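Everything below concerns the one structure shown next.
As the structure is a computational prediction, the values presented were derived from the model and not from experiment. Keep in mind that the numbers below use all heavy atoms, side chains included, and drop hydrogens, waters and symmetry copies.
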Amino acid sequence: MGAIIIRDNIKGGALTETTFLVLLAVYKPNHGYGIMQFIDKVTDGRVVLGAGTLYGAVNALVKKKWIIPYDDEFDSKKKEYVITDAGRQIAEGELKRLEEVLKLASTIILGGKNG
């Protein structure tokens, strides 16, 4: 199995969809399987992550310090992760970028008429 390279936020560019969804999934502490379930649910099954992809993304995000392991002294069975302040800033920046892209696309495709 090859290394998973996530090309996120290079020079202010876009996040991958996987990265953005993982960040959203850990706004509240969440474990790997919970992250996979969250993503499956919020995308209505359009995005289904395999364990290798998920854990590659999680490890990359931990390295970037966008998420950190969450210590829950009451339940140490499942390793949970939570978003950091830096991760929140990145997610908020991505939301703004997506809003700008949507506005541009709406202007071009719909001629400025939003429905």
Interatomic distance, [X] atom [atom1] to [Y] atom [atom2] [nearest 0.5 angstrom]:
| X | Y | atom1 | atom2 | value |
| --- | --- | --- | --- | --- |
| Glu94 | Gln89 | CD | CD | 14.5 Å |
| Lys79 | Asp71 | NZ | CG | 9.5 Å |
| Asp85 | Ile90 | CG | CD1 | 12.0 Å |
| Leu15 | Leu21 | CG | CG | 10.0 Å |
| Ile39 | Thr18 | CD1 | OG1 | 7.0 Å |
| Ile83 | Arg88 | CD1 | CZ | 6.0 Å |

Just by distance, do the side chain of [X] and the backbone of [Y] share a donor-acceptor pair under 3.5 Å?
| X | Y | result |
| --- | --- | --- |
| Asp40 | Val48 | no |
| Thr107 | Lys103 | yes |
| Thr43 | Val47 | yes |
| Asn30 | Val26 | no |

Quiz prompt | Same cluster (ILVMFWY, side-chain, under 4.5 Å), Val101 and Leu23 | solution =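 Each belongs to a different hydrophobic cluster.
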Quiz item: Would you say Leu95 and Val22 are hydrophobically clustered, going by side-chain heavy atoms of ILVMFWY under 4.5 Å?
Solution: no
Exercise. For atom OH of Tyr33, decide whether the heavy atoms of other residues, nucleotides or ligands shown that lie under 6.0 angstrom number more than 12.
Key: no
Quiz item: Any side-chain heavy atom of Leu98 sitting closer than 4.5 Å to one from Phe20?
Solution: yes
Closest contact, heavy atoms only, [X] versus [Y]:
| X | Y | result |
| --- | --- | --- |
| Ala86 | Lys65 | CB-O, 3.9 Å |
| Ala91 | Tyr27 | CB-OH, 3.7 Å |
| Phe38 | Ala25 | CD2-CB, 3.3 Å |

Exercise. Check the pair Arg46 / Glu17 against salt bridge (Lys or Arg N to Asp or Glu O under 4.0 Å), numbers first and verdict last.
Key: CA-CA 11 Å; Arg46 182 180 58 80; Glu17 185 175 16; 2.4 Å; yes
Quiz prompt | Presence of salt bridge, Glu80 and Lys28, under 4.0 angstrom | solution = no
Quiz item: Listed by chain and number, what are the salt bridge (Lys or Arg N to Asp or Glu O under 4.0 Å) partners of Glu100, not counting sequence neighbours?
Solution: Lys96
